[in-house]
Amino acid sequence: IAVFWGSPCPPLRELFMTTSTARFLMIIVAALGTSAALAAQRTYDKRLDAPPGGRLTFDADVGSVIVVGRDAPEVVIHADLEGSEAFLNGFRISAEQTSSGVTVSAHAAHGGWSGWFDWFNFGSTRVRFDLEVPRGYPVELRTSGGHIDVRNFSAEVRAGTSGGSVVVQD
């Protein structure tokens, strides 16, 4: 190429530049198309009894959480998840009734090639939890990346996030 690059043959130089540009654009289009194709959605639903005198403990690596107080003796957990198949396959939600109340945890797997792919975030990753809890049930909420919204409670609310707003009403 060096021999032809300085030669008085501009069509060859233009052909080389056009081919490189076309390849580069094709790689970008393929990457964007692949990330869109890898996007997936899942939901999680569970109902648990809320023992009297207990509390809800919620801990998540990622995701926003909306908690609404209601007049029923159970905790309803609903989650909408969106992201790559690798992210969704590595994301674990656990909800269980314990002696101290109800515990919900959600953690993403880290590491491996899929972790690197999600690190670049070619597609959108979204996690949202909607929880319904008895009004008088104390809640302790923590998320490392998302908003917290709590409404209609007559009990203690403790909430913290590393990346989002916290709203407590009523």
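Taking CD of Glu132 as the reference point, atom CG of Asn152 lies at 11.0 Å (rounded to 0.5 Å).
Side-chain heavy atoms closer than 4.5 Å link hydrophobic residues (I, L, V, M, F, W, Y) into clusters, and following such links, possibly through other members, connects Leu88 to Ile77. Each of Val127 and Val76 belongs to its own hydrophobic cluster when Ile, Leu, Val, Met, Phe, Trp and Tyr are linked at side-chain heavy-atom distances under 4.5 angstrom. Placement of Leu81 and Ile66 in two distinct hydrophobic clusters is found when ILVMFWY residues are connected by side-chain heavy-atom separations under 4.5 Å, directly or transitively. When the side chains of ILVMFWY residues are joined at heavy-atom separations under 4.5 Å, either directly or via intervening members, Val65 and Ile93 end up in a single hydrophobic cluster.
Annotation for Ile148 and Gly160: closest pair CD1-O, 3.3 Å, computed over non-hydrogen atoms. Contact record, Ala50 with Pro134: CB-CG, 3.7 Å, taken as the closest heavy-atom pair. Shortest non-hydrogen contact noted between Tyr137 and Val102 is OH-N, 3.9 Å. The shortest non-hydrogen separation linking Gly101 to Pro51 is CA-CG, 4.1 Å. The minimum heavy-atom distance linking Phe153 with Val68 is given by the pair CE1-C, 3.9 Å. Nearest heavy atom pair, residue Leu48 against residue Gln97, reads CD1-N, 4.0 Å.
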Worked verdict on Arg126 versus Asp80 for salt bridge (charged side-chain N to carboxylate O under 4.0 Å, His left out): CA-CA 8 Å; Arg126 185 180 68 85; Asp80 289 316; 5.0 Å; no

Residue pair Val67, Asp149: steps toward the side chain to side chain contact (heavy atoms under 4.5 Å, CB included) verdict: CA-CA 6 Å; Val67 183; Asp149 188 341; over 6 Å; no

Pair Asn89-Arg42, side chain to side chain contact (heavy atoms under 4.5 Å, CB included): steps then yes or no: CA-CA 10 Å; Asn89 288 338; Arg42 297 222 174 108; 3.2 Å; yes

For residues 161-170, tabulate all N or O donor-acceptor pairs below 3.5 Å that involve a side-chain atom, not counting sequence neighbours.
{"unit_1": "Thr161", "atom_1": "OG1", "unit_2": "Thr143", "atom_2": "O", "d": "3.3"}
{"unit_1": "Thr161", "atom_1": "OG1", "unit_2": "Gly146", "atom_2": "O", "d": "2.6"}
{"unit_1": "Thr161", "atom_1": "OG1", "unit_2": "Gly163", "atom_2": "N", "d": "3.2"}
{"unit_1": "Ser165", "atom_1": "OG", "unit_2": "His147", "atom_2": "ND1", "d": "3.1"}
{"unit_1": "Gln169", "atom_1": "OE1", "unit_2": "Arg151", "atom_2": "NH1", "d": "2.4"}

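Residues Leu131 and Leu56 are in side-chain contact: their nearest non-hydrogen atoms beyond the backbone lie under 4.5 Å apart.
Identified under the ring pair (Phe, Tyr, Trp, His ring centres under 6.0 Å) test for residues 40-85, with sequence neighbours left out: Phe58-Phe129.
Ion pair Glu74/Lys46 not flagged as a salt bridge, since none of the NZ, NE, NH1 or NH2 atoms sits closer than 4.0 Å to an Asp/Glu carboxylate oxygen. By the 4.0 Å N-to-carboxylate-O rule, Arg142 lies too far from Glu140 to be salt-bridged with it.
Partners of Glu82 by side-chain hydrogen bond (donor to acceptor under 3.5 Å, both in side chains), not counting sequence neighbours, listed by chain and number: Gln41, Ser124.
Few gaps surround CZ on Arg135; more than 12 heavy atoms of other groups in view lie less than 6.0 Å from it.
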